Amino acid sequence: NAGVTQTPKFQVLKTGQSMTLQCAQDMNHNSMYWYRQDPGMGLRLIYYSASEGTTDKGEVPNGYNVSRLNKREFSLRLESAAPSQTSVYFCASSEYQKTQYFGPGTRLLVL
Amino acid sequence: AQKITQTQPGMFVQEKEAVTLDCTYDTSDPSYGLFWYKQPSSGEMIFLIYQGSYDQQNATEGRYSLNFQKARKSANLVISASQLGDSAMYFCAMREGPGGSYIPTFGRGTSLIVHP
């Protein structure tokens with residue numbers, strides 16, 4: 001099993017460009033999450049999807065949108081990238097209330 | 001106020017010794033879970049250990065154990081017989097019950113360096 005996969009692994013954007021980060025899981029989990037990790041800040045929740053068809057804002061949702069495409073896939077979109085969105089992005093999945101499993105992360109640099 | 005506090009930005013330990021990484025939490029919900037994750041320099045997040053608020057015994061997983069003191073709201077990670085491969089960032093996280101919709105909150109992490 002691949003677990004949680006993310007694409008791309010690395011991306012460089014110019015300010016104002018848009019992009020979509022893709023995430024897929026093969027563990028049949030209901031819940032999926034997007035986090036960003038910045039130095040000294042731990043992981044901060046951007047959006048989550050408790051189950052297929054639902055999405056909710058986390059701690060830092062501004063500048064992002066998400067789509068729960070189906071049970072397996074949860075994408076994160078930056079409509080107009082800003083330098084403040086330079087970060088490492090992690091996708092995770094879990095069964096409700098249980099341990100989260102993380103993807104390998106996407107390193108994003110916005111110039 | 002932070003829900004998860006990790007007060008040690010960095011820790012150093014000699015190989016083969018034990019080390020304790022501190023984590024305190026803040027919740028008024030009686031139902032919650034506490035997690036520890038390891039993040040090596042390669043960047044992936046690796047689940048280590050879980051403690052539920054109603055669990056009677058402290059969790060253990062191999063060389064990892066969780067020193068759960070409910071009254072003090074602390075959930076410290078103890079790594080016994082440290083190895084060089086234990087050098088990494090360690091994150092404590094909490095899921096709160098219905099009031100928090102079980103959405104995890106992470107601490108800012110502790111960097112552990114194991115010396116030979």
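None of these values were measured; they are calculated from a predicted model. Order of the sequence lines sets the chain letters (A, B, ...), proteins ahead of strands, with each chain counted from 1.
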- [ ] Mind checking the CD1-CZ spacing from B:I46 to A:F102? Nearest 0.5 Å is all I need.
- [x] 11.5 Å
TODO: Tell me whether A:L21 is reachable from A:V60 by hopping between hydrophobic residues (I, L, V, M, F, W, Y) whose side-chain heavy atoms are closer than 4.5 Å.
DONE: yes
Task: chain B contact via A:L45 - side chain, backbone, both or neither, heavy atoms under 4.5 Å - done: side chain
TODO: Calculate, to the nearest 0.5 Å, the distance between atoms CZ and OG1 belonging to B:F47 and A:T99 respectively.
DONE: 3.5 Å
Task: In one Ile/Leu/Val/Met/Phe/Trp/Tyr side-chain cluster, 4.5 Å: B:M89, A:V88 - done: yes
Open item on the list: Quick check on A:E59 against chain B: is it the side chain, the backbone, both or neither that has a heavy atom closer than 4.5 Å?
Closed with: neither
- [ ] Is it possible for you to say whether B:I4 and B:I49 belong to one hydrophobic cluster, with membership spreading through side-chain heavy-atom contacts below 4.5 Å?
- [x] yes
Open item on the list: Let me check something: do A:L13 and A:V66 share a hydrophobic cluster, defined by ILVMFWY side-chain heavy atoms less than 4.5 Å apart, either directly or through other members?
Closed with: yes
Open item on the list: With chain B as the partner, which of A:G105, A:P104, A:G40 has the greatest number of non-hydrogen pairs under 4.5 Å?
Closed with: A:G40
Open item on the list: Taking atom CD as the centre, does B:Q57 end up with more than 12 heavy-atom neighbours from other residues, nucleotides or ligands that are less than 6.0 angstrom away?
Closed with: no
- [ ] Find out whether A:S94 and B:R95 are in side-chain contact, i.e. whether some heavy atom of one side chain is under 4.5 Å from a heavy atom of the other.
- [x] yes
Open item on the list: Can you tell me if B:R72 has over 12 outside heavy atoms packed within less than 6.0 Å of its CZ?
Closed with: no
- [ ] Indicate the atoms forming the closest heavy-atom contact of B:F91 with A:G42, along with that distance.
- [x] CE2-CA, 3.7 Å
Open item on the list: With clusters defined by side-chain heavy atoms of hydrophobic residues (ILVMFWY) lying less than 4.5 Å apart, directly or transitively, does B:L84 cluster with B:Y90?
Closed with: yes
- [ ] For residues A:M41 and B:F106, determine if any side-chain heavy atom of one lies less than 4.5 Å from a side-chain heavy atom of the other.
- [x] no
Open item on the list: Looking only at the side chains, is there a donor atom on one of A:R44 and B:T105 sitting less than 3.5 Å from an acceptor on the other?
Closed with: no
TODO: Kindly check if the number of other-residue, nucleotide or ligand heavy atoms within 6.0 Å of NZ (B:K16) is above 12?
DONE: no
Task: Neighbours of chain A found in residues 37-45 of chain B - heavy atoms under 4.5 Å - done: B:Y37, B:Q39, B:G43, B:M45
